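These notes are about the structure you will find just below.
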Amino acid sequence: LLVIVQARMGSQRFPGKSMFPFAGKPALQHLLEALLQTVERSRLCVVTSQDSTNEPISALCSRQEVLCLQGDENNVASRFLAVLLARPSTYFARLSGDSPLFDFRLLDAAAALIEPADIVSTALGKRYPSGMNVELMRSRVFQDAYPKFSTAGQLEHVTSYFYERGPELRRIALDCPLADAGQGR
């Protein structure tokens, strides 16, 4: 399993959120430390854009000895494709770098459900609270579909294409066991 964390400094609603100090550390550092409890360092990658505002993200990854790939500002999906080509894996997980409280055990739960699915997601079914979202996807499905991405939204939101697709994709929901946990989104 390859874990890809997308992070950026240029959020419109909360600029710098991935590096915002939270309990004495940047939010992204909390997430990386949690992930390293279940994922080998060599199977973890942060993707961000080449914009110079993202240098603090790159510097943090360097200090944490985690690969950081910088790519096209407006094509997040191309960054994922570059990682998948550089570090082949049957499956990959997509996480957001602004989730300092992410429970790394959700990765294990999703991985336990992935066969025979193409995608396992907390965005399907009974949702988890914000910050506890994860998607696991079959890498070949992503790579085969990438040339078909045709809208700015599909390039920016990476997996939106797969939620728009019909029943040809095998999807499994990773349901939250808590009642009303994901309400109020």
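Computed from a prediction, not measured in an experiment: that's the story for all the values here.
- Between Phe162 and Phe142, the angle of the ring planes lies from 30° to 60°, which puts this pair in the tilted group.
- With contacts defined as side-chain heavy-atom distances shorter than 4.5 Å, the pair Asp103/Leu101 does not qualify.
- Once rounded to the nearest 0.5 Å, the distance linking CG of Leu155 with CG of Asn74 reads 9.0 Å.
- The line from CD of Gln6 to CG of Leu95 is 9.0 Å long, rounded to the nearest 0.5 Å.
- Side-chain contact annotation: Ser121 with Tyr163, donor-acceptor N/O pair under 3.5 Å present.
- In this structure the side chain of Arg79 reaches within 4.5 angstrom of the side chain of Val76, judged on heavy atoms.
- Taking CD of Gln154 as the start and CG of Asn75 as the end, the distance is 11.0 Å to the nearest 0.5 Å.
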Should Val5 and Leu28 be marked as a side-chain contact (heavy atoms from CB on, under 4.5 Å) after you check the CA-CA gap, both sets of side-chain angles, and the distance that decides it?
CA-CA 9 Å; Val5 177; Leu28 179 59; 3.9 Å; yes

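- In this structure, the side chain of Asp118 does not engage the main chain of Leu169 through any donor-acceptor pair within 3.5 Å.
- The minimum heavy-atom distance linking Phe92 with Arg138 is given by the pair CE2-O, 4.5 Å.
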Walk me through it: do Leu136 and Arg94 pass the test side-chain contact (heavy atoms from CB on, under 4.5 Å)?
CA-CA 6 Å; Leu136 254 67; Arg94 184 186 78 82; over 6 Å; no

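- Closest approach of Asn133 to Phe102, counting heavy atoms only: O-CE1, 3.7 Å.
- Atom CD of Glu135 is separated from atom OG of Ser96 by 10.5 Å, given to the nearest 0.5 angstrom.
- Environment of CD in Gln37: crowded, with over 12 heavy atoms of neighbouring residues, nucleotides or ligands closer than 6.0 Å.
- Applying the 6.0 Å contact sphere to CZ of Arg105 captures no more than 12 heavy atoms from other residues, nucleotides or ligands.
- In this structure, CD1 on Ile57 lies 10.0 Å from CG on Asp51, to the nearest 0.5 angstrom.
- Residues Glu33 and Lys25 are paired through a salt bridge, judged by an N-O separation under 4.0 Å between the basic side chain and the carboxylate.
- Atoms OG and NZ, from Ser150 and Lys148 in turn, are 11.5 Å apart once rounded to the nearest 0.5 Å.
- By the 30° and 60° cut-offs, the orientation of the rings of Phe149 relative to Tyr161 is tilted.
- Remark: the Ser49 side chain and the Asp72 side chain contain no N/O donor-acceptor pair separated by less than 3.5 Å.
- With 3.5 Å as the limit, one finds no donor-acceptor pair spanning the side chains of Gln70 and Thr48.
- Two residues are said to be in side-chain contact when any heavy atoms from C-beta on lie closer than 4.5 Å; Cys61 and Gln64 fail this criterion.
- Leu113 and Leu1 fall within the same hydrophobic cluster, defined by Ile, Leu, Val, Met, Phe, Trp and Tyr side-chain heavy atoms under 4.5 Å apart, directly or through other members.
- Using a 4.5 Å cut-off between side-chain heavy atoms of Ile, Leu, Val, Met, Phe, Trp and Tyr, with links allowed through other members, Leu32 and Met132 fall into the same hydrophobic cluster.
- Remark: side-chain polar atoms of Arg87 are paired, donor with acceptor, to backbone N or O of Ser42 under 3.5 angstrom.
- For the pair Arg41/Leu36, a side-chain contact is recorded, criterion being any heavy-atom separation below 4.5 Å from C-beta on.
- Side chains of Asp98 and Ser18: a donor-acceptor N/O pair is absent below 3.5 angstrom, by distance only.
- When side chains are defined from C-beta on, Thr151 does not count as touching Glu156, because their heavy atoms never get closer than 4.5 Å.
- A donor-acceptor pair is defined here as one N or O able to donate and one able to accept, closer than 3.5 Å; no such pair exists between the side chain of Arg43 and the backbone of Val39.
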